[in-house]
Amino acid sequence: MDTKPIQSSQPPVNANLFAALAAAFPADRRACAVETDTGLLYSWQDLLDATAMVANLLESLDLEPGARIAVQVEKSVEALILYLATLRAGLVYLPLNTAYQSAEMAYFIEDAQPAVVVCGRSNFGWISKMAFQAGTAHVFTLNDDRTGSLLDRAAQFSRSHTIAQRQADDLAAIIYTSGTTGRSKGAMLTHGNLLSNARVLQKYWGWRTPEQGGDVLIHALPIFHVHGLFVAIHGALINGSKMLWMAKFDPKAVLQAMPRATVFMGVPTLYVRMLTEPGLTRDAVRNMRLFISGSAPMLIETFNDWQQRTGHAILERYGMSETVMLTSNPCRTEDGKRMGGTVGKPLPGVQLRVQDDGGKAVSVGEIGGIQVKGPNVFKGYWNMPEKTVQEFTADGFFKTGDVGRMDDNGYVTIVGRSKDLIISGGYNVYPAEIEGYINNLPGVAESAVVGVPDTDFGEVGVAVVIAKPGATVEPAAILAKLKATLANFKIPKRCYVVPELPRNAMGKVQKNLLRNQYQSTQ
Ligand code: MCA
Ligand code: AMP
């Protein structure tokens, strides 16, 4: 008997995320896809042409499958095009916050071993040196004024390009997220992770296709983290929705754009800042359909104030770099009511459970560690197989490090974190990393960094430092040294030099006591 498998004449389905996004572009390719705050207009055809040219350039470099394209550039539509082109070429996108300084960049480049690095003109000198030393073959520039060697080179390539064939399990991006030990971990996300999440959110948040009247998204977040890069961009593109593109968040500019938009996404700080604008009225938001918040806890006061001023209940959702979006408050009434103070219910396809320290499920309403499973959960940490194993349970649930409870209607409330993490204005700051730098400064014996409440950023860091016997250390000098080394959002807002730190019987620093002591020292 002939046991040869039957060959199908059908080409395999392409699981490349870009293929799904491009398939959703509206039939009218001349329509505007992205409008910038400087008045530039990009059509859907422009996105297709430009991503083809950049993808052709990347493919001409003959990179290994799975090669990383590390990008530290200011927000621009060309940066968006580079992201999409990287997907299109089947390569792995690695975005880096523009606030990162040389020590941070050196770590990412050494760890990820990117084949290509793209940076702004003003950083080319030091970044290219660092990258070439680490074995990177190509360094391009991309500036926020549509210039740079990446675009110069891409201009020589064709606008025609066949989207690279990828499996759902192939890597699409690596997102670095800080670790409790102070060492950042690269979360490996696949085409399948990102596409499944984008499709679930498209339905759950009731995005309206152009045929259904269309949505218009105000995009005011940075594009080097999950919120701005994936949730916002995929949300708009997979739905053929136009984006009003803002290089930086400016509350007045967002308010001005609202009459021409329907959806806004922000971290709580953006809502807090918009609430200080007298122009935030029911009339200003008359055209808006949906306000979404996430990345950090939203105070119930902010939720209530927003509802009172605008008539809109903000939809709060919860996610992580490792998992993209996990839970969401309902958008459509048939899915339930939006409950302020909660992060809503597990999204369709996401299994979420709350367990005690002994690995047993807690009762409804009881507090425990949040664990998740689903097609959105990442493939593991780059180059850290042991760490990856540690973060999953034996039955395949990812341990989020968030502490919360679920009520009998399935709504999840996050009450804290078992990981020592500060979330400031939507950015994560790991005290262990900052303490490591402080402890290495001359004259410092030890330090503890804790998060305290802040009206603008939600939470900010405070450093408490012990000097070595006989040494004198100045708080201002410590902060100045940190500022010269670390990303600006990581710098503690205040620093105190004290004789000793409170410790428990085991000798461990009692950070809860420090939090209480320094919370009202603004
Ligand atoms: C700026 N500064 C900050 C922060 N941002 N300090 C603490 N926390 C911050 N987040 C400091 C700067 O160091 C500077 O200090 C001063 O504030 C002004 O800086 P500037 O750049 O002008 O600030 P800004 O433009 O007002 O920025 C604030 C911001 C920004 C708009 C809230 O931080 C932001 O865009 N945050 C969003 C972050 C985000 O997208 N997160 C999503 C992560 P100095 O004057 O002393 O130098 S994705 C995620 O978390 C998960 C997966 C999820 O669920 O979404
Ligand atoms: P990241 O490392 O940037 O992916 O941040 C993920 C973390 O942000 C989560 O583990 C949560 O601690 C936090 N987070 C995200 N969304 C929310 C939210 N809506 N409420 C409270 N915490 C959130």
Side-chain angles (χ1 to χ4, degrees), residues 74-75 95 97-99 101 175-180 184-187 189 197 201 219-232 235 246-251 253-254 265-274 292-300 302-303 314-329 340-344 369-372 376 378 391 398-404 412-430 451 454 456-461 479-480 482-484 486-494:
E74 294 297 339
K75 183 176 177 181
N97 195 319
T98 45
Q101 302 205 51
I175 304 289
Y176 272 90
T177 153
S178 303
T180 38
S184 283
K185 304 163 290 184
L189 291 156
N197 209 240
L201 294 177
H219 193 303
L221 285 164
I223 56 167
F224 20 72
H225 297 288
V226 160
H227 200 159
L229 185 65
F230 299 149
V231 189
M246 303 189 169
K248 272 190 133 293
F249 169 71
D250 169 4
V254 172
M265 292 185 196
V267 300
T269 299
L270 307 199
Y271 289 97
V272 168
R273 290 189 182 181
M274 283 194 283
I292 299 171
S293 175
S295 309
M298 169 165 271
L299 292 178
I300 190 70
T302 310
F303 177 89
I314 294 172
L315 178 156
E316 187 168 358
R317 80 342 172 247
Y318 154 61
M320 294 184 73
S321 299
E322 289 92 337
T323 64
V324 216
M325 295 303 99
L326 290 164
T327 71
S328 172
N329 265 281
T342 84
V343 293
I370 296 176
Q371 301 181 352
V372 294
N376 51 313
F378 75 137
E391 300 299 319
F398 174 62
K399 300 184 238 173
T400 63
D402 291 307
V403 175
V412 176
T413 302
I414 295 176
V415 299
R417 304 169 202 126
S418 56
K419 49 195 174 192
D420 190 11
L421 159 71
I422 300 168
I423 305 185
S424 187
Y427 284 139
N428 291 6
V429 181
Y430 276 81
D454 181 80
D456 185 32
F457 291 121
E459 203 177 10
V460 292
L479 293 179
L482 291 179
K483 220 167 181 172
L486 291 170
N488 57 12
F489 62 87
K490 295 182 189 171
I491 312 303
K493 298 290 181 212
R494 299 186 286 286

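For ligands, and for the atoms within them, numbers begin at 1 and follow the listed sequence. Values below: all heavy atoms of this structure, side chains included; hydrogens, waters and symmetry mates excluded.
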Asks: Which protein heavy atom lies closest to atom 54 (O) of ligand 1, and at what distance to 0.1 Å?
Replies: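 Result for atom 54 (O) of ligand 1: Arg317 NH1, 2.7 Å.
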Asks: Looking only at protein heavy atoms, which one is nearest to atom 48 (S) of ligand 1, and how far off is it?
Replies: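 The closest one turns out to be His227 N, 3.5 Å.
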Asks: Of the side chain and backbone of Ser178, name the one, both, or neither that has a heavy atom under 4.0 Å from an atom of ligand 2.
Replies: neither
Asks: Apply ring pair (Phe, Tyr, Trp, His ring centres under 6.0 Å) to the pair Phe457 and Tyr427, showing each step before the final yes or no.
Replies: CA-CA 9 Å; Phe457 291 121; Tyr427 284 139; 9.2 Å; no
Asks: Does any N/O atom on Tyr318 come nearer than 3.5 Å to any N/O atom on ligand 2?
Replies: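 No, no N or O pair falls under 3.5 Å.
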Asks: Pull out every atom of ligand 2 sitting under 4.0 Å from any heavy atom of Thr177, numbered as shown with elements.
Replies: 2 (O)
Asks: Backbone or side chain, does any N or O of Ser321 fall under 3.5 Å from an N or O of ligand 1?
Replies: no
Asks: How close do Tyr271 and Gly266 get, heavy atom to heavy atom, and via which atoms?
Replies: CE1-O, 3.7 Å
Asks: Can an N or O of Asp402 be found at a distance shorter than 3.5 Å from an N or O of ligand 2?
Replies: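 The answer is yes, given that Asp402 and ligand 2 share an N or O pair closer than 3.5 Å.
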Asks: Only one of Asn428, Asn97, Thr177 forms a side chain to side chain donor-acceptor pair (under 3.5 Å) with His225, so which one is it?
Replies: Asn97
Asks: Which of the atoms of ligand 1 are close to Arg273, meaning less than 4.0 Å from one of its heavy atoms?
Replies: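 Within the 4.0 Å cut-off of Arg273, ligand 1 contributes 24 (P), 26 (O), 28 (C).
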Asks: Enumerate the atoms of ligand 2 whose separation from the nearest heavy atom of Val343 is less than 4.0 angstrom.
Replies: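 Answer for ligand 2: 18 (C), 19 (N), 20 (N).
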Asks: Can you confirm, on distance only, whether ligand 1 has an N/O atom lying under 3.5 Å from any N/O atom belonging to Lys493?
Replies: yes
Asks: Is a side-chain donor-acceptor pair under 3.5 Å present for Tyr318 with Asp402?
Replies: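 Yes, Tyr318 and Asp402 have a side-chain donor paired with an acceptor closer than 3.5 Å.
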Asks: Rounded to the nearest 0.5 Å, what separates atom CG in Leu482 from atom CD in Gln101?
Replies: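 So the CG of Leu482 and the CD of Gln101 are separated by 10.5 Å.
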Asks: How does Met320 reach ligand 1, if at all, at less than 4.0 Å between non-hydrogen atoms: by side chain, backbone, both, or neither?
Replies: backbone
Asks: Answer whether the closest heavy-atom distance between the side chains of Tyr176 and Lys185 falls below 4.5 Å.
Replies: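 Result no, sub-4.5 Å side-chain heavy-atom pair not found.
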Asks: Nearest heavy atom to atom 41 (N) of ligand 1: which of Pro492, Gly426, Pro251 does it belong to?
Replies: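 Selected option, by shortest heavy-atom distance: Gly426.
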Asks: Is it the side chain (CB and beyond), the backbone, both or neither of Phe457 that lies under 4.0 Å from ligand 1, heavy atoms counted?
Replies: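 The answer is the side chain of Phe457.
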Asks: Would Asn428 count as a polar contact of ligand 1, with the cut-off being nitrogen or oxygen pairs under 3.5 Å?
Replies: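 Not met; the criterion fails.
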Asks: Return yes when Thr269 approaches ligand 1 closer than 4.0 angstrom through a heavy atom, no otherwise.
Replies: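 It does, in that a heavy atom of Thr269 comes within the 4.0 Å cut-off of ligand 1.
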Asks: Decide whether the shortest distance between a heavy atom of Lys419 and an atom of ligand 2 is less than 4.0 Å.
Replies: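 Yes.
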Asks: Could you tell me whether Lys75 approaches ligand 1 through its side chain, its backbone, both or neither, with non-hydrogen atoms closer than 4.0 Å?
Replies: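 The answer is neither; Lys75 stays 4.0 Å or more away.
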Asks: Identify the two heavy atoms, one from Met265 and one from Leu270, that lie closest to each other, and give their separation to 0.1 Å.
Replies: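 So the minimum-distance heavy-atom pair works out to O-CD1, 4.5 Å.
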Asks: Would you mind running through ligand 1 and noting each atom that sits below 4.0 Å from a heavy atom of Val226?
Replies: 48 (S), 52 (C)
Asks: Lys490 near ligand 1, heavy-atom distance under 4.0 Å?
Replies: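 No.
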Asks: Atoms of ligand 1 less than 4.0 Å from Pro222 heavy atoms?
Replies: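 What qualifies from ligand 1 is 35 (O), 40 (O).
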Asks: Atom CD1 in Ile292, atom CG in Leu315: separation rounded to 0.5 Å?
Replies: 5.5 Å
Asks: On a heavy-atom basis, I'd like to know which of Ala232, Ser295, Gly425, Ala99 is closest to atom 36 (N) of ligand 1.
Replies: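 Heavy atom nearest to atom 36 (N) of ligand 1 belongs to Gly425.
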Asks: Do Glu459 and Arg417 sit within salt-bridge range, that is, some charged N less than 4.0 Å from a carboxylate O?
Replies: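 Yes.
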Asks: Nearest to atom 10 (N) of ligand 1 by heavy atom, Ser424, Ser293, Ala296: which?
Replies: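 Result: the heavy atom closest to atom 10 (N) of ligand 1 is in Ser424.
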Asks: How many angstroms lie between atom CG of Leu221 and atom CZ of Phe249, to the nearest 0.5 angstrom?
Replies: 9.0 Å
Asks: Under a 4.0 angstrom heavy-atom cut-off, which atoms of ligand 2 come close to Ile423?
Replies: 8 (O), 12 (O), 13 (C)
Asks: Can you find a non-hydrogen atom of Arg317 under 4.0 Å from ligand 2?
Replies: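 The answer is yes: ligand 2 sits under 4.0 Å from a heavy atom of Arg317.
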Asks: Using a strict 4.0 Å threshold on nitrogen-to-oxygen distance, state whether Arg273 and Asp456 make a salt bridge.
Replies: yes
Asks: Taking the side chain as C-beta and beyond, is there a heavy-atom pair between Leu201 and Met325 under 4.5 Å?
Replies: yes
Asks: Within ligand 2, which atoms have a heavy atom of Glu316 less than 4.0 Å away?
Replies: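 Checking each atom against Glu316, I get 18 (C), 19 (N), 20 (N).
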Asks: Considering the heavy atoms of Lys483, write down every atom of ligand 1 situated less than 4.0 Å from one of them.
Replies: 44 (P), 46 (O), 47 (O)
Asks: List ligand 1 atoms under 4.0 Å from Asn488, heavy atoms only on the residue side.
Replies: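 Per the distance check, 12 (C), 13 (O).
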Asks: Once you round to the nearest 0.5 Å, how far does CG of Leu326 lie from CD1 of Ile370?
Replies: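 If we round to the nearest 0.5 Å, Leu326:CG and Ile370:CD1 are 8.5 Å apart.
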Asks: Of the side chain and backbone of His225, name the one, both, or neither that has a heavy atom under 4.0 Å from an atom of ligand 2.
Replies: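 For His225, there is no contact with ligand 2 at all, from either part.
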Asks: With a 4.0 Å cut-off on heavy atoms, does Val226 reach ligand 2?
Replies: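 Judged by the 4.0 Å heavy-atom criterion, Val226 does not count as contacting ligand 2.
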Asks: Any non-hydrogen side-chain atom of Pro268 less than 4.5 Å from a side-chain atom of Thr302?
Replies: no
Asks: Could you list the atoms of ligand 2 found under 4.0 angstrom from a heavy atom of Met320?
Replies: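 Matching atoms, with element in brackets: 4 (O), 6 (C), 9 (C), 10 (O).
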Asks: For atom 14 (N) of ligand 2, tell me which residue out of Gly458, Ser321, Ser295, Gly401 has the closest non-hydrogen atom.
Replies: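 Of the listed residues, Ser295 has the closest heavy atom.
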Asks: Considering non-hydrogen atoms of the protein only, which is the closest contact for atom 1 (P) of ligand 2, and what is the distance?
Replies: Asn428 ND2, 3.0 Å
Asks: Distance to 0.1 Å, residue and atom name: give those for the protein heavy atom nearest to atom 31 (C) of ligand 1.
Replies: Leu270 CD2, 3.9 Å
Asks: Drop me the distance from Ile423's CD1 to Phe489's CZ, to the nearest 0.5 angstrom.
Replies: 12.0 Å
Asks: Taking atom 46 (O) of ligand 1 as the reference point, report whether a protein heavy atom occurs under 4.0 Å from it.
Replies: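 For atom 46 (O) of ligand 1 the answer is yes, since some protein heavy atom falls inside 4.0 Å.
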Asks: Can you report which non-hydrogen protein atom sits closest to atom 20 (P) of ligand 1, along with the distance?
Replies: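 Looking only at protein heavy atoms, the one closest to atom 20 (P) of ligand 1 is Lys248 NZ, 4.5 Å.
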Asks: Below 4.0 Å, non-hydrogen atoms only: which portion of Leu221 touches ligand 1? Side chain, backbone, both or neither.
Replies: side chain
Asks: Among protein heavy atoms, which sits nearest to atom 33 (O) of ligand 1, and what does the distance come to when rounded to 0.1 Å?
Replies: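 Among all protein heavy atoms, the one nearest atom 33 (O) of ligand 1 is Tyr427 CE1, 3.5 Å.
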Asks: What distance do Ser178 atom OG and Lys419 atom NZ have between them, rounded to the nearest 0.5 Å?
Replies: 11.0 Å
